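Working notes for the structure below.
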2 protein chains.
Amino acid sequence: MVTTTAARDTDLASALVQAMHRLQDIHAETSRPLGLTPQQAHLLCVLIGGPEGMTDLSRILSIERSSLTSMVDRLERRSLVARIPSPGDRRACRIELTPDGLTLAHQAHDAVVDRINTLTAHLPPTTRHAVTTALQSITG
Amino acid sequence: MVTTTAARDTDLASALVQAMHRLQDIHAETSRPLGLTPQQAHLLCVLIGGPEGMTDLSRILSIERSSLTSMVDRLERRSLVARIPSPGDRRACRIELTPDGLTLAHQAHDAVVDRINTLTAHLPPTTRHAVTTALQSITG
DNA sequence: TATTGTTATACTCTATAACTATA
DNA sequence: TATAGTTATAGAGTATAACAATA
């Protein structure tokens, strides 16, 4: 019994890890033709929800603020994002999508979602719902 | 109806993307204390299954062979992997875990699996099985 | 003093192009 | 000619430590 349970645990964990790698590949494959690294695509997609400060963004993306500074520099040079002064705190700034950035962000978002929808098209509604709920419960 | 279906599709795709990001973070967090980048941990864990040639490894990891050369160089310097001559083809080599590399590979593997098992501990067996099957069907 | 963001520095990851050696 | 792997090069991602400006 213990063996059976342990084996099932490993199966779920392995399936999640394998799926993660596959999704990472898909993310890279869909970002690339748009001229974006997966990390850049992630950043742009986060900003679809609205401007964010550097500290918040670094937390959302799980990277150091200094790493984020470089990323924002590169995206700002390409006019995909802009640093806007933060009203009420002269130390802070808000990172905002430019019109071009917004367009690209939507393209990047749609591209991954489309690929994933194709990949999961065969799953019946009940399964889709169960998987969605389960994943949301571990994502927090 | 169309709206409902489309919304459900987006939910599954979004849940998968969010889960991917969360798992990437976990992968990074568990690798780091072992002195490994997530990519290095991935490489070492693949080699648990046995030695692989550079071309096969690059395909498995979805990176160019030249990128892999650098990674193997760094791991070889730390005596975690070794380049073994390939019997029967003097152009080729096989990448193999050293004893230290094998130990570390297992530690890295167990660390992620443990974290994921903790994260998914609340899911009932039926759900675990459904999710595992669904994920395996998209991982191919 | 604490916080926001940047700079300086050093590695790692990655791709492209050109190359060597062997098949 | 084709394949296995490497070298050279350039750019991107990342962390740590030290710093400036503001709160």
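Chain identifiers are assigned alphabetically (A, B, ...) following the order of the sequence lines, protein sequences preceding nucleic acid strands; residue numbering begins at 1 within each chain. Since we're looking at a predicted model, the values are computed, not measured. The analysis underlying the following values was restricted to heavy atoms, covering all of them including side chains, and did not include hydrogens, waters or symmetry mates.
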Give the residues of residues 79-94 of chain B touching DNA chain D, defined as any heavy atom closer than 4.0 Å, sorted by residue number.
Arg83(B), Arg91(B), Ala92(B), Cys93(B)

Tell me every residue that passes ring pair (Phe, Tyr, Trp, His ring centres under 6.0 Å) with His42(A), counting only those two or more places apart in sequence or in another chain.
His21(B)

Can you check whether Leu135(A) reaches Gln18(B) side chain to side chain, under 4.5 Å on heavy atoms?
no

Contacts satisfying side-chain hydrogen bond (donor to acceptor under 3.5 Å, both in side chains) that involve residues 92-104 of chain A (not counting sequence neighbours) are none

Could you report the tightest heavy-atom contact between Leu44(A) and Ala105(A), atom names first, then the distance?
O-CB, 3.7 Å

Run the salt-bridge test on Arg59(B) and Asp56(B) with the 4.0 Å N-O cut-off and return the result as yes or no.
yes

On a heavy-atom basis, which atom in Arg22(B) and which in Ile138(A) lie closest, and how many Å separate them?
NE-O, 4.0 Å

Nearest non-hydrogen partners of Ser31(B) and Ala41(B), listed with the distance
OG-CB, 3.5 Å

Would you name the heavy atoms of Leu36(A) and Arg78(A) that are closest together and state the gap between them?
CD2-NH2, 4.1 Å

Grab the CG-C1' distance between Asp73(A) and dG13(D) for me, whole Å please.
13 Å

Provide the closest heavy-atom pair for Leu97(B) versus Ile48(B) in the form atom of the first, atom of the second, distance.
CD1-N, 3.8 Å

For DNA chain D, the residues among residues 18-53 of chain A that have a non-hydrogen atom under 4.0 Å from it
Thr37(A), Gln39(A), Gln40(A)

Nucleotides bounding contact with chain A, strand DNA chain C, heavy-atom threshold 4.0 Å:
dA2(C) to dT16(C)

Would you jot down, in residue-number order, the residues of residues 60-72 of chain A having a non-hydrogen atom under 4.0 Å from DNA chain D?
Ile63(A), Glu64(A), Ser66(A), Ser67(A), Ser70(A), Met71(A)

Hey, quick one: are Val46(B) and Ile84(B) part of the same hydrophobic cluster, counting side-chain heavy atoms closer than 4.5 Å, chains of contacts allowed?
no

Do you know the tightest heavy-atom contact between Arg83(B) and Asp73(B)?
NH2-OD1, 3.0 Å

Would you say the side chains of Thr132(B) and Asp11(A) form a donor-acceptor pair under 3.5 Å?
no

